[in-house]
2 protein chains.
Amino acid sequence: MPTVLCNCLALRQAARRVTQHYDHVLAPSGLKTTQFSVLAMLRRYQPISLGALAEHLVMDRATLGHNLRPLQKAGWVSLGAGADRRQRVLTLTDAGAALLTDTAHLWRAAQDGFEAWFGAADAAALRTDLAVIAHMKPSEGFISMPALE
Amino acid sequence: MPTVLCNCLALRQAARRVTQHYDHVLAPSGLKTTQFSVLAMLRRYQPISLGALAEHLVMDRATLGHNLRPLQKAGWVSLGAGADRRQRVLTLTDAGAALLTDTAHLWRAAQDGFEAWFGAADAAALRTDLAVIAHMKPSEGFISMPALE
DNA sequence: GTGGTTTACGGGCATATGCCCATAATAGTC
DNA sequence: GACTATTATGGGCATATGCCCGTAAACCAC
């Protein structure tokens, strides 16, 4: 088993492999894993601003903005105006909600397939570790810009 | 601590966050984390074909082909012809090797910064898990295309 | 209420990721 | 040796990722 020393490379490699698996299983729905994640998170928190949803997704605001483009074009997501006229409030359209419901069993299959191989308990423990990493803050000691400049 | 149920989303979120950290620290070198990984892996295995290097990186061949473009343009990587005229044999140029040497301390700083926060032993254990995931094969029971089609 | 600061987005740029298909070369078969 | 199958790569397409900068709105003094 080849292991790499770099924590970042190890994470990216694993993410690539697992994304391939989920993408394959989700393919019949026409959704990619990232898109499914956006829609699922949106369903949970709608109505919500672009920035707030990006935080939930641990994603750059601009990235989410770009990723929403195909979802709007497909008619799954609606961008309305919020009370604050700077904000754009996101909601799931009926078509988006229906698609999410229809795709749930595919996600379940991908999730079950992975956990059957890796172990459900191991997967849960791993997710906990990953959540800690995903939500770390520089103020907690994680140094993004060390004394190198 | 918000945790997500989806293993894939958890992995991608953590990968995004950690990539940001490494990218920030590597920024003075002009290299992104992915580019550093490609150059480092190439140094270790050169001379090597595109396909073989892609396997080491757990990356799609076409993706590596695209990622090599800016590295060639910058003069860090050289593509020569191999014994098999289908193959393109990759080697690190002198400039590429020098850049890698000069950037090593930045990668070390990023690595140390992460491990100081997450714990070196925990990070090593996590990398082991991630390596298992990155190198899983469908034949080992990981079902990429389940009985859904 | 004017002016400076912060916040929220969008556009542009570059890279990252991976699929599909086409092309070219090798290998295998008879 | 010709035909087929496999392998290695490149080009095109679409999405993913995140930076920077500009614009507009809200907030915050005073």
Side-chain angles (χ1 to χ4, degrees), chain A residues 8-9 11-24 26-27 30-39 48-55 57-74 76 79-90 134 144-145, chain B residues 8-9 11-24 26-27 30-39 48-55 57-74 76 79-90 134 144-145:
Chain A
C8 187
L9 178 57
L11 261 170
R12 291 178 69 89
Q13 289 180 342
R16 281 196 287 260
R17 188 72 103 183
V18 173
T19 299
Q20 274 184 1
H21 166 63
Y22 279 73
D23 275 350
H24 279 156
L26 288 180
L31 286 176
K32 298 197 147 207
T33 300
T34 303
Q35 300 175 324
F36 182 83
S37 300
V38 170
L39 295 179
I48 187 173
S49 72
L50 195 155
L53 183 59
E55 270 188 33
L57 288 165
V58 188
M59 183 184 288
D60 185 86
R61 294 171 183 214
T63 301
L64 177 58
H66 298 156
N67 294 357
L68 283 174
R69 217 54 66 86
L71 302 181
Q72 291 177 73
K73 203 168 58 179
W76 298 325
L79 275 87
D84 186 330
R85 256 184 302 176
R86 289 170 301 185
Q87 289 185 2
R88 306 273 281 159
V89 175
L90 299 166
S144 286
M145 300 296 273
Chain B
C8 187
L9 178 57
L11 261 171
R12 291 178 69 89
Q13 289 180 342
R16 281 196 286 260
R17 188 72 103 181
V18 173
T19 299
Q20 274 183 2
H21 166 64
Y22 279 73
D23 275 349
H24 279 156
L26 288 180
L31 285 176
K32 298 197 148 210
T33 300
T34 302
Q35 300 175 325
F36 182 84
S37 300
V38 171
L39 294 179
I48 188 174
S49 72
L50 196 155
L53 183 59
E55 270 189 34
L57 288 165
V58 188
M59 184 183 288
D60 185 86
R61 294 170 183 217
T63 301
L64 178 57
H66 298 156
N67 294 357
L68 284 173
R69 217 54 66 86
L71 301 181
Q72 291 176 73
K73 204 168 58 178
W76 298 324
L79 274 86
D84 187 328
R85 256 184 301 176
R86 287 171 302 184
Q87 290 185 3
R88 306 273 281 159
V89 175
L90 299 166
S144 286
M145 300 294 272

> CG of A/Leu53 versus C1' of C/dA8: gap in Å, rounded?
Replying inline: 14 Å
> Looking for any heavy atom pair under 4.0 Å, which part of the strands does A/Gly65 touch: base, sugar-phosphate only, or nothing?
Replying inline: nothing
> Looking at residues at least two apart in the chain, or sitting in another chain, which of them share a side chain to side chain contact (heavy atoms under 4.5 Å, CB included) with B/Arg61?
Replying inline: B/Leu50, B/Ala54, B/Glu55
>> Output the rounded distance in Å from CG (B/Leu64) to C1' (D/dG11).
In response: 16 Å
>> For a quick test of reading the model, state the closest non-hydrogen atom pair linking A/Leu53 to A/Ile48 and the distance between them.
In response: N-CD1, 3.6 Å
> Which residues satisfy the side chain to side chain donor-acceptor pair (under 3.5 Å) test with A/Ser49, sequence neighbours excluded?
Replying inline: none
> Does B/Arg88 place a side-chain N or O at less than 4.0 Å from the phosphate oxygens OP1/OP2 of D/dA8?
Replying inline: no
> Passes side-chain contact (heavy atoms from CB on, under 4.5 Å), A/Gln35 versus A/Leu71? Steps please.
Replying inline: CA-CA 8 Å; A/Gln35 300 175 324; A/Leu71 302 181; 3.9 Å; yes
>> Between A/Val89 and A/Leu79, is the side-chain contact (heavy atoms from CB on, under 4.5 Å) condition met? List the steps.
In response: CA-CA 6 Å; A/Val89 175; A/Leu79 275 87; over 6 Å; no
> Can you name the residues that form a side chain to side chain donor-acceptor pair (under 3.5 Å) with B/Asp23, not counting sequence neighbours?
Replying inline: B/Thr33
> What is the bend of the helix from C/dG1-D/dC30 to C/dC30-D/dG1 when you compare the axis at one end with the axis at the other, using five pairs each and rounding to 10°?
Replying inline: 20°
> Given atom CD of B/Gln87 and atom P of C/dA27, what is their separation to the nearest angstrom?
Replying inline: 10 Å
> Between atom CG of A/Leu68 and atom NZ of A/Lys73, what is the distance when rounded to the nearest 0.5 Å?
Replying inline: 13.0 Å
>> To the closest 0.5 Å, what do you measure between SG (B/Cys8) and CD (A/Gln20)?
In response: 10.5 Å
Would you tabulate the nitrogen or oxygen pairs shorter than 3.5 Å linking the protein to nucleotides 23-26 of chain D?
from   : atom 1 : to      : atom 2 : distance (Å)
D/dA26 : OP1    : A/Arg85 : N      : 3.4

> With A/Arg16, which residues qualify under side chain to side chain contact (heavy atoms under 4.5 Å, CB included), at least two apart?
Replying inline: A/Leu9, A/Arg12, A/Gln13, B/Met59
>> Measuring to OP1 and OP2 of D/dG11, would you say a side-chain N or O of B/Arg69 lies under 4.0 angstrom away?
In response: yes
>> To the nearest 0.5 Å, what is the distance between OG1 on A/Thr19 and CG on B/Leu11?
In response: 7.5 Å
>> Across nucleotides 12-20 of chain D, 5' to 3', mark each nucleotide with B, S or - according to how protein heavy atoms within less than 4.0 Å reach it.
In response: BB-SSBBB-
>> Restricting to non-hydrogen atoms, name the atom on A/Ala15 and the atom on B/Ala15 that form the minimum distance, rounded to 0.1 Å.
In response: CB-CB, 4.1 Å
